[in-house]
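Step one of this worksheet: look at the structure below.
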Amino acid sequence: MALVELSVVEQRYRAVLAVLAGSTVTEVAAQVGVSRQTVSGWKSRYEASGLAGLADRSRRPSSCPHQASAEVEAAVCELRRKHPRWGPRRIAHVLERSGAITPVPSRMTVYRILVRHGLVEPGVRRRKRSDYKRWQRDRAMQLWQMDIVGGVMLVSPVTGELSEAKVVTGVDDHSRYCVIASVVERATGRAVCSAFVRALQAFGVPEEVLTDNGKQFTDRFGQGGEVLFDRICRENGIAHRLTQPASPTTTGKVERFHQTLRRELLDDCGAFESVGAAQAALDAWVAEYNSVRPHQALDMQSPADRFTPVAEQERDVLGLRVPGVLALVPPPRTAPAQPDPAGAVTAEPEAVPAAVPAAVPVEPGGPVEFERVVPASGNLQVAGKQFWLGPARSGLTVTFWADTQVIHLLIAGARIKSVRSHLSVADLAQLAARGGRVAGPSPLPAGDGAAFEVDRVVNNSGLVSLGGHQVLAAEMLGGRAVGIRIDDETLSFFDPSSRELLRVRPNSLTSEEVQRLRGLRPAGPPPRPRVEPVRVQRRVSAVGSVMVCRQRVSLGRPYAGRTITVHVAESTLTVELDGQVRVIQRTTDIPVRHVKANKPYKGSDVV
């Protein structure tokens with residue numbers, strides 16, 4: 001007989017029929033596997049509602065004593081409709097701050113109210129905030145983050161044509177205070193720098209500025225020159241930090257500011273008739289953002305609660321250097337002005353720069369200093385000539401000291417290269433007009449009889465190039481980076497990290513050739529020779545011998561093919577063999593040239 005699966009209602013119905021047929025409740029409960037009270041309940045529900053009464057009933061309570069009141073729900077929904085972009089945390093904080101609702105609902109209560117009324121879509125739970133690594137500066141005015149964002153639409157009142165304007169933005173890293181919010185028709189370098197200068201005049205000079213690699217901020221991936229933004233930072237002592245390419249999370253605070261700007265203003269404001277109208281709407285929103293709107297990352301404080309600009313006394317002492325080229329920034333286009341029937345006089349436009357520095361005169365043909373940023377290719381171009389610095393130095397600022405005779409390149413005050421100058425007096429004057437300045441003393445070390453040092457890499461033949469001469473260092477130093485101490489009579493080759501003396505050679509360079517050496521610097525303490533024995537390895541030959549410093553040492557055929565360790569001192573050779581130490585007197589004074597045991601393989605080549 002086939003088994004038939006019964007539903008829950010059918011099983012309950014059979015139990016009720018058995019009770020009605022005369023069986024006791026206790027017997028039926030034992031057969032079904034439930035309590036007597038349950039069977040009695042089924043019987044009562046069947047008598048009251050028939051077969052439908054045996055179906056499962058909802059266990060939801062008819063009322064919830066701790067559910068939010070209708071007044072709380074109304075206040076939450078009203079605040080959400082007034083600010084459609086606000087979330088549960090911000091709404092709960094505003095209700096608590098207003099004091100109009102008692103008790104104050106929690107964040108999850110507000111979230112459930114919004115879900116219950118269809119004002120928010122329940123989403124997938126994201127990662128916890130504790131899973132993210134956050135960083136910020138310790139106080140205000142230490143770091144500004146700057147960027148450019150689009151999304152501001154302008155409509156021509158005459159033709160109805162739409163165009164997109166840009167917003168130059170900047171926030172303080174510590175307080176999230178918006179220090180820059182300027183609408184521009186085109187985000188050119190001058191327009192961006194003009195907005196930057198206005199912020200410096202309003203709040204003071206920060207210690208650092210962090211930007212991406214946009215062409216308005218840097219020429220890092222171009223010709224490697226100094227753009228106007230770099231010049232403003234350099235002249236006012238601001239450290240300009242650049243992000244790595246394709247790394248928007250480094251400037252995450254200003255990017256998050258852009259998201260808030262789009263959600264709360266740009267997505268719903270429509271198109272503006274002029275840049276002035278867009279700027280007015282943006283200024284009103286920024287005022288609310290800085291002073292009224294609570295910020296979750298600041299423990300629901302507003303940015304104005306944590307932001308403190310530079311004191312007026314400090315600004316007066318240090319001053320602000322503004323390039324005069326910013327005076328040439330064209331004013332933004334506005335809608336055609338309607339004639340005033342009353343004959344009112346319109347206000348004059350506000351001047352952009354507050355102070356234009358006086359140009360520093362440069363003596364014709366005199367030395368000039370200027371900065372350039374190394375591009376990603378490592379090949380920097382100045383006045384039609386290329387200077388190879390390598391991709392490893394990309395992004396670094398190089399200071400040029402140039403006259404009509406020689407050009408010195410310095411990084412962080414250290415001279416790395418000196419070449420013959422190709423610049424004329426007119427070239428120097430042009431470089432001075434483009435941000436150069438009067439040069440200080442020559443970076444070349446001065447003084448006759450003084451010792452100098454340079455860094456070189458020994459080629460495979462054991463030679464280094466010094467002033468156009470090939471100087472022998474040692475064949476065993478091939479491929480190794482060494483430091484060279486240049487004295488009047490000798491050249492001392494040493495290890496740059498430990499200053500261990502490696503070789504001493506006679507000096508054949510003249511003082512003029514020494515002064516022209518690339519990377520020349522004053523010498524440090526004299527290098528010292530190594531006093532402990534040199535540890536080398538050798539492979540025992542088939543006849544049971546090894547060759548160390550062209551001295552043959554017999555060990556016996558049982559050790560053929562094994563690799564042994566030999567400690568080479570000035571007068572002895574110490575061999576470690578099977579836990580025993582064998583000391584052998586040296587018969588040669590040839591220095592060690594090979595340390596490893598695998599090369600060379602021929603006995604005649606091993607020294």
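Side-chain atoms of T251 do not come within 3.5 Å of backbone N or O of V254 as any donor-acceptor pair. For N379 (side chain) and L389 (main-chain N/O), no donor-acceptor pair under 3.5 Å exists by modelled atom type. With hydrogens and angles disregarded, a donor-acceptor distance shorter than 3.5 Å links the side chain of N459 to the backbone of L463. Under a 3.5 Å cut-off, the side chain of R550 and the backbone N or O of T588 do not form any donor-acceptor pair. In this structure, the side chain of H469 does not engage the main chain of V471 through any donor-acceptor pair within 3.5 Å. Remark: the backbone N or O of M141 is paired with a side-chain donor or acceptor of D172 at under 3.5 angstrom. With hydrogens and angles disregarded, a donor-acceptor distance shorter than 3.5 Å links the side chain of R456 to the backbone of S465. A donor-acceptor pair under 3.5 Å is formed between the side chain of R315 and the backbone N or O of V310. Of the possible donor and acceptor atoms, none in the side chain of Q386 sits under 3.5 Å from a partner among the backbone N and O of L380. A donor-acceptor pair under 3.5 Å links the side-chain atoms of D173 to the main chain of R137, judged by distance alone.
A distance of 10.5 Å separates NE2 in H567 from OG1 in T572, rounded to the nearest 0.5 Å. Atoms SG and CZ, from C178 and F307 in turn, are 10.0 Å apart once rounded to the nearest 0.5 Å. A distance of 9.0 Å separates CG in D219 from CZ in R372, rounded to the nearest 0.5 Å. With rounding to the nearest 0.5 angstrom, the CG atom of L200 is 7.0 Å from the CD1 atom of I180. Separating the CZ atom in R220 from the CG atom in D230 is a distance of 11.5 Å, to the nearest 0.5 Å. With rounding to the nearest 0.5 angstrom, the CG atom of D212 is 7.5 Å from the CD1 atom of I148.
Salt bridge status for R139 with E207: present, with a side-chain N to carboxylate O gap under 4.0 Å. The pair R528-E500 does not count as a salt bridge, with every side-chain nitrogen at least 4.0 angstrom from each carboxylate oxygen. Using a 4.0 Å cut-off between charged side-chain N and carboxylate O, R505 and E489 make no salt bridge. Classification of D495 and R480 as a salt-bridged pair holds, one side-chain N sitting under 4.0 Å from a carboxylate O. A salt bridge is defined here as a Lys NZ or Arg NE, NH1 or NH2 lying under 4.0 Å from an Asp or Glu carboxylate O, and R231 with E371 fails to meet this definition.
For L573 against V548, the heavy-atom pair with the smallest separation is CD2-CG1, 4.0 Å. Between V540 and V546 the shortest heavy-atom distance is CA-CG1, 3.7 Å. When all heavy atoms of D487 and N507 are compared, the pair lying nearest together is O-ND2, 2.6 Å. The shortest non-hydrogen separation linking F203 to P309 is O-CB, 3.5 Å. Annotation for C233 and F196: closest pair SG-CE2, 4.2 Å, computed over non-hydrogen atoms. The nearest pair of heavy atoms linking I564 to E576 is CB-O, 4.3 Å.
For Q580, the CD atom is loosely surrounded, since the number of other residues' heavy atoms within 6.0 Å does not exceed 12. Around CG of D578, the count of heavy atoms belonging to other residues, nucleotides or ligands within 6.0 Å exceeds 12. At most 12 non-hydrogen atoms from other residues, nucleotides or ligands lie less than 6.0 angstrom from CD of Q405.
Side-chain polar atoms of S194 and R190 form no donor-acceptor pair below 3.5 angstrom. For the residue pair H174 and D138, no side-chain donor N or O sits within less than 3.5 Å of a side-chain acceptor on the partner. Between the side chains of R321 and N236, not a single donor N or O lies within less than 3.5 Å of an accepting N or O. S545 and R552 share a side-chain donor-acceptor pair at under 3.5 Å.
Contact of the T218 side chain with the F229 side chain is not registered, since no non-hydrogen atoms from C-beta on lie closer than 4.5 Å. Proximity of T565 to V536: side-chain heavy atoms (C-beta onward) are nowhere separated by under 4.5 Å. With contacts defined as side-chain heavy-atom distances shorter than 4.5 Å, the pair V553/V566 does not qualify.
Taking the centre and axis of the six-membered ring of F494, the NZ or CZ atom of R499 falls inside the cone set by 45° and 6.0 Å.
Applying the ring pair (Phe, Tyr, Trp, His ring centres under 6.0 Å) definition to pairs two or more places apart or across chains, those involving residues 401-421 are W401-H408.
Checked against R176 for a side chain to side chain donor-acceptor pair (under 3.5 Å), the options H295, Q301, Q136 give a single hit: Q136.
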(request) Decide yes or no on side-chain hydrogen bond (donor to acceptor under 3.5 Å, both in side chains) for E208 and H240, but give the supporting numbers first. (result) CA-CA 6 Å; E208 299 174 286; H240 185 195; over 6 Å; no

Going by atom type alone, with no hydrogens or angles, which donor-acceptor pairs under 3.5 Å involve a side-chain atom of residues 421-432 and a protein atom two or more places apart or on another chain?
from	atom 1	to	atom 2	distance (Å)
S421	OG	D403	O	2.6
S421	OG	L423	N	3.2
H422	NE2	A383	O	3.2
S424	OG	D427	N	3.3
S424	OG	D427	OD2	3.1
D427	OD2	S424	N	3.1

